[in-house]
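Quick caveat, the model's predicted, so the values are computed rather than measured. Counting starts at 1 for both ligands and their atoms, in listed order.
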Amino acid sequence: MNDLEFKQQVLDPKGTFCAAKWYNATIWLGSGQTTSCHHPPAHAIDTEAIKTNPSAIHNTVEKKIDRLNMQLGNRPRGCEYCWKIEDMGRDAVSDRVYKSKIYPIEALNEAYTTPHQNDVNLRTLEIAFDRTCQFACSYCNPAFSSTWVRDIQRNGPYESLVSDGRGHFTHTHDASQLYRFGETNPYVEAFFQWWETDLHRTLQELRITGGEPLMSGETWKLLDWFKNNRGKSSTRLAINSNLGPEVDVDRLLASIEGLEVDIYTSNESVGRQAEYIRDGLDYSAWLANVRRLLESNRIRAVHCMATINALCLISLPDLLTELVNLKQEFGRERVSFTLNILRFPSFQSPLVLPDYLRRTFQINLEEWRADHLRSPLMHEHELNHLQRLIDYLDLVKTPHSEAFELPRLRNDFGQFYQQYDQRRGKDFAETFPLLKDWYSDLQLQ
Ligand code: SF4
């Protein structure tokens, strides 16, 4: 069954159902927050509840209300991203499909008919232990990166931002790291307790994220658990890593011997444009690390997650070509990509660009997709992600329903990158010559 058939035959009869509300979670143990996938805003985990029920790090009251809403055919407010895609028409396939299709049909039926207040064991989990990270990407913020924290501590808040993104860049988000290193964190304790009692048996995939998880001691502790408990768990392991030059790839490869591991890494452009967007990246070192992982044969696959923002569209096709070359060399199943459209902070969305640039990038992507449409190296979801990005650039006018109007988003785009250049020693106009004229003509408030 292809993605569209799955949507029409399996999901649509269940109204607004999405299995991620039951079986998938992202949990930030540093801040004690969780969400079902990356789109709905995170909410707090109840510290009282986890004292007696460690599964409450996932089975929160908020998710149970969303489950009920889905069972009643309502659209949970936080799921706007998927509905924006599906409401475009053109048979667009949203993440609701990808997040559900990975589970057996019986599991979907079980979730749909389970009383919403019941606790459910996760099948896929993304977990972040803390925000330690040596990168400070432009679309990230201090809540997820200790290097971003240092930028704000040294240089103060970003100024003169007026749209919904402004709060991301004005303070150090101390609530994201509630406990100091060495202090007991009840959320981490609850995770390891749930892991030991249930999760290591029921979880299909555990994905460790950050910050940069390979710079967190808890990640290595978990990898040690797998090493010391061989055969006890069949959970597939996945690690999100920026694969920066500081990442200890040798230690990683030594730690995962005999395990089934996927690496997810972020990138959406090439060369110095990639290094501008993802501050801390060394593009050549990143590519060399990707190749080393693939050559080692200890990694099942490397998946590149592209966060589609206003700056990456110039060289996104070059990155996709690079990934196709890797597929050619290492095999279709060992390299894949996803295109995830940035919505927050909305002033970095591709939708802030003027129509002529959007149209230019749309045409480039259409050509790239047409050239690869029949390639046996392409996955169906990759072609679908490309098509939905092309449609998004064509049809969608605002990044999300509460996005501020365009002049304010463009003000923040200009204000932000001026300050980013000064703080990080970068040069927007030199790095993105195609955007230079539009950028220099921006009317700043
Ligand atoms: S419907 Fe979309 S936004 Fe909501 S949980 Fe599922 S994948 Fe996430």
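- Aromatic pair Tyr417/Phe413: ring centres closer than 6.0 Å.
- Remark: aromatic rings of Phe192 and Trp195 are distant, center separation not under 6.0 Å.
- Below 4.0 Å from some heavy atom of Lys99 lie the following atoms of ligand 1, by number and element: 7 (S).
- Here the options are Arg334, Arg207, His303, the test is side chain to side chain donor-acceptor pair (under 3.5 Å), and the partner is Asp262; only His303 passes.
- Look at His39 and atom 2 (Fe) of ligand 1: no N/O/S atom of the residue is under 2.8 Å from the metal.
- Protein heavy atom nearest atom 4 (Fe) of ligand 1, with residue, atom name and distance: Cys79 SG, 2.3 Å.
- From the protein, the heavy atom lying nearest to atom 8 (Fe) of ligand 1 is Cys37 SG, 2.2 Å.
- One distance of note links OG1 of Thr321 with CG of Leu316; it measures 9.0 Å at 0.5 Å rounding.
- Here the protein heavy atom with the shortest distance to atom 2 (Fe) of ligand 1 is Cys82 SG, 2.3 Å.
- Between Phe416 and His168, the ring centre distance reaches or exceeds 6.0 Å.
- The protein non-hydrogen atom at the shortest distance from atom 6 (Fe) of ligand 1 is Cys18 SG, 2.3 Å.
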